[in-house]
A.B. asks: 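Handing you this structure, nothing more for now.
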Amino acid sequence: MNVSRIFKHDPDPIKLKELFSSDERCLEFLAEAKWKDGYVCRKCGNTNYCEGKTPYSRRCTKCKTEESATAGTIFHNCKFPIHKAFYIAWNVCKAREDVSTYEFARRLSLRQMTCWNFKTKIRQALNEMDSLTYNERESIQKILE
Ligand SMILES: [Zn+2]
């Protein structure tokens with residue numbers, strides 16, 4: 001799921017504040033965005049699921065494949081708390097001011113290099129989408145959805 005889709009709708013300020021301080025709220029938010037149009041198992045196409053082992057993950061009732069809320073998003077395998085990653089991603093995608101990686105590091109108590117790496121990852125994901133034609137983007141989004 002493309003990063004710009006995740007933030008397609010602006011959460012209200014109270015919700016944003018929660019997202020920037022709680023990993024669990026972030027996972028909930030991602031799961032909502034990801035399965036907005038219903039759950040489909042990536043492996044077998046089954047639409048029935050039960051709860052997975054990690055918060056807000058889903059497990060296919062047929063083939064037992066589990067999909068986490070972060071799988072297929074820029075937050076997958078993130079090495080630092082996801083609410084901090086969320087803060088960076090939201091600022092890069094949505095905020096008007098260009099926050100430096102030094103400033104992110106200061107605000108989030110992370111290493112500057114960590115912030116730089118993640119910011120670069122987001123920028124690349126956004127650029128890749130921008131360089132595609134409308135039809136290409138549409139078909140990729142369909143696959144990612
Ligand atoms: Zn399945």
Side-chain angles (χ1 to χ4, degrees), residues 1-96 98-99 101 104-105 107-145:
M1 186 169 54
N2 185 259
V3 66
S4 58
R5 270 190 85 85
I6 298 173
F7 298 115
K8 203 171 166 191
H9 304 289
D10 280 327
D12 62 61
I14 297 164
K15 178 118 186 176
L16 261 186
K17 219 176 159 187
E18 281 177 8
L19 287 170
F20 294 158
S21 57
S22 159
D23 283 357
E24 205 179 323
R25 288 283 82 79
C26 290
L27 293 174
E28 184 188 23
F29 184 84
L30 282 178
E32 272 172 18
K34 182 180 209 167
W35 292 304
K36 184 167 49 69
D37 301 320
Y39 166 86
V40 179
C41 172
R42 292 184 155 204
K43 211 168 173 189
C44 75
N46 181 24
T47 52
N48 292 315
Y49 67 92
C50 55
E51 261 176 53
K53 284 188 194 97
T54 56
Y56 300 100
S57 64
R58 294 185 179 186
R59 189 179 156 95
C60 173
T61 53
K62 210 183 260 174
C63 74
K64 311 292 178 202
T65 298
E66 190 167 318
E67 187 177 333
S68 68
T70 57
T73 75
I74 198 155
F75 303 102
H76 193 52
N77 287 336
C78 188
K79 301 279 187 291
F80 55 99
I82 189 172
H83 70 269
K84 295 186 179 184
F86 234 82
Y87 181 82
I88 297 174
W90 190 86
N91 274 281
V92 172
C93 294
K94 289 288 188 180
R96 281 157 200 273
D98 187 22
V99 182
T101 53
F104 277 131
R107 289 184 196 173
L108 299 169
S109 309
L110 290 170
R111 285 168 53 230
Q112 185 263 333
M113 207 55 203
T114 305
C115 298
W116 189 88
N117 284 334
F118 191 68
K119 193 178 175 183
T120 304
K121 199 174 157 188
I122 296 164
R123 280 265 165 83
Q124 275 169 357
L126 291 173
N127 286 342
E128 273 165 28
M129 290 306 278
D130 285 345
S131 66
L132 299 171
T133 65
Y134 179 77
N135 283 339
E136 283 172 331
R137 266 205 295 274
E138 284 294 291
S139 55
I140 285 174
Q141 282 177 351
K142 279 197 186 98
I143 296 164
L144 294 175
E145 270 167 18

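Indexing begins at 1, ligand by ligand and atom by atom, following the structure's order. Note that this is a predicted model, so its numbers are computed, not measured.
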A.B. asks: Applying salt bridge (charged side-chain N to carboxylate O under 4.0 Å, His left out), can you list everything that pairs with E32, at least two apart in sequence or on another chain?
C.D. replies: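 Partners of E32 by the salt bridge (charged side-chain N to carboxylate O under 4.0 Å, His left out) criterion come out as none, since no residue qualifies.
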A.B. asks: Can you name the salt bridge (charged side-chain N to carboxylate O under 4.0 Å, His left out) partners of R58, sequence neighbours left out?
C.D. replies: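 Testing R58 for salt bridge (charged side-chain N to carboxylate O under 4.0 Å, His left out), a comparison that skips the adjacent residues, returns none.
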A.B. asks: Does this structure show an ion pair linking K15 with E18, if we count only N-O contacts that are shorter than 4.0 Å?
C.D. replies: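 No.
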A.B. asks: So, T120 side chain and W116 main chain: donor-acceptor pair closer than 3.5 Å or not?
C.D. replies: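 Looks like yes, one N/O pair under 3.5 Å.
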A.B. asks: R123: which residues meet the salt bridge (charged side-chain N to carboxylate O under 4.0 Å, His left out) condition with it, sequence neighbours left out?
C.D. replies: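 By the salt bridge (charged side-chain N to carboxylate O under 4.0 Å, His left out) rule, R123 matches D98.
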A.B. asks: Anything protein N/O/S under 2.8 Å from the Zn ion (ligand 1)? Just list residue and atom, please.
C.D. replies: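 Only C41 SG, C44 SG, C60 SG, C63 SG fall inside 2.8 Å of the Zn ion (ligand 1).
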A.B. asks: Please answer whether the main-chain N or O of N48 pairs with a side-chain N or O of T61 as donor and acceptor at a distance below 3.5 Å.
C.D. replies: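 Yes; judged by distance alone, with no hydrogens or angles, the pair exists.
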